[in-house]
Amino acid sequence: MSTQISQSISMKPIPYGRQHITEEDIKAVADVLRSDFLTQGPQIEEFEKKFAEYIGCKYAVAVANGTAALHLCTLALGVDSSQKVITTPITFAASANCVRYCGGEVVFSDIDSKSYLIDLNKIEDLLKKNPNAYKGIIPVDFMGLAVNLEELKKLTDKYGLWIIEDACHAPGGYFIDSKGKKQNCGNSNFADLAIFSFHPVKHIATGEGGMITTNSKQLYDKLLLLRTHGITKNPALMHKNDGGWYYEMQELGYNYRLSDMQAALGVSQLSRADEGLVRRKEIAAKYDAELKNILITTPLAAEGHAYHLYVILSEHRKNLYDFLRTKNIFCQVHYIPVHILPYYQQFGWKNGDMPLAENYYDKCLSLPMYPTLSDEDQDRVIEAVREFYVTIK
Ligand SMILES: *Cc1c(COP(=O)(O)O)cnc(C)c1O
């Protein structure tokens, strides 16, 4: 091989995350394009049924994206402008925005310095100080690491809060409960509702797409209504019936439906979800082993971690990020703390309010993590990180 070719291969861009589309995926979508239904066809129910089985919950509702899923959840739980809802500052803005869509107030609560998840002790402090102030909480299984919802539910039951689990990072993730049982992220054994996203960087990709999971028939029925304009054609739910054309709009809903093409892609992707998880764990184990002697902090390695992200902490994060870019390795920062985004600063949130989240943000960097990351490409990432630390010594 000439050096020119090997150089161009070695400089192939490596993103922090990417989708994995196979020929079967493409065929599944093409089959829908040849069928009678492009939206609201049989693939939606198929995807919902299989996803609910995968997660281990009773009901699943496919929606347009993860943000729409969050919005439908806050609507279904009746969030309004008199209510306060708690969430973590280290998440994607949508986890907080869904409260604002309904006019509610977002209260951020700082993270745990080891897991980077919302700190349950700090939540307890908040609730103790103001027992009747909060309506709900939106914990996030950040990076793919499960929040211990059994512990959280003890608190929320005591103070009367609902739980929406943002499990966008964690399909296939789980924690072990006090009886030694696996509790899958999103199974809604402890949360009222849970949500997922099928954005291309997530575990399961449908382009745009999302899912809500629950064990509550009442919330399920409400979500179905709200997903499609608040309209029902179900004779059992209607006040009257003028004929075959008749429907009733009973609530102010939205068009947050997923298309059949996307659902077919979802079904096909879901069949390979476990494979992807195994590969993600392999990649994480190799980073753990290869980076442990460098001056960085590797992430907490817990059982049940779904490794959507592999986040390291570095005292030289900006320089490391820039250095890796010169090597065509495109890392990312997850996340800028939501409370210091300009939109949330207007409500009085400022730098200094969440010291642990802000300290985390100063150092965090997400290394490339996706099932099709090859061993050679991961070696390139590891070598580049090592090279950086040699040059700064
Ligand atoms: C991706 C993501 C969302 C939003 O999902 P979209 O499908 O992009 O709307 C919400 N919360 C978290 C934690 C996410 O990672």
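Heavy atoms only: backbone and side chains are in, while hydrogens, waters and symmetry mates are out. Numbers here simply count residues along the sequence, with the first being 1. First listed ligand is number 1; within each ligand, the first listed atom is number 1.
Each of the atoms 5 (O), 6 (P), 7 (O), 9 (O) of ligand 1 lies under 4.0 Å from some heavy atom of Gly66. Taking every heavy atom of Asn65 and a limit of under 4.0 angstrom, the matching atoms of ligand 1 come to 7 (O), 9 (O). For ligand 1, the atoms sitting less than 4.0 Å from at least one non-hydrogen atom of Ser95 are 11 (N), numbered in the order shown with element in parentheses. Residue Thr91 has at least one heavy-atom neighbour below 4.0 Å for each of these atoms of ligand 1: 13 (C).
Ring centroids of Phe347 and Phe108 are separated by 6.0 Å or more, keeping the two rings apart. If you look at Phe92 and His334, their ring centroids are not closer than 6.0 Å.
A tilted orientation is assigned to the rings of Tyr360 and Tyr116, their planes being inclined by 30° to 60°. Ring planes of His316 and Tyr389: perpendicular class, angle over 60° (limits at 30 and 60°).
Proximity of Tyr335 to ligand 1, defined as any heavy-atom pair under 4.0 Å, is confined to the side chain (atoms from C-beta onward). The proximity of His169 to ligand 1, defined as any non-hydrogen pair under 4.0 Å, is limited to the side chain. With a heavy-atom cut-off of 4.0 Å, Asp166 touches ligand 1 through its side chain alone.
Taking distance alone, with nitrogen or oxygen atoms compared against 3.5 Å, Cys168 stays at or beyond that limit from ligand 1. The N/O atoms of Ser197, backbone and side chain alike, include one that comes under 3.5 Å of an N/O atom in ligand 1.
Among all protein heavy atoms, the one lying closest to atom 14 (C) of ligand 1 is Lys202 NZ, 3.1 Å. Of all protein heavy atoms, the one closest to atom 4 (C) of ligand 1 is Thr67 OG1, 3.7 Å.
Taking a 6.0 Å sphere around NZ of Lys318, one finds it holds 12 or fewer heavy atoms contributed by other residues, nucleotides or ligands.
Salt bridge absent: Lys181 and Asp177 never bring a charged side-chain N and a carboxylate O closer than 4.0 Å.
Between Gly210 and ligand 1 there is no heavy-atom distance shorter than 4.0 Å.
Qualifying side-chain contact (heavy atoms from CB on, under 4.5 Å) partners for Ala69, counting only residues two or more places apart in sequence or in other chains: Val63, Ile195, Ile212.
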Mind listing the side-chain donor-acceptor pairs of residues 368-375 below 3.5 Å, one per line with the distance, residues two or more places apart or on another chain?
from   : atom 1 : to     : atom 2 : distance (Å)
Ser374 : OG     : Asp377 : N      : 3.0
Asp375 : OD1    : Arg279 : NH2    : 3.3

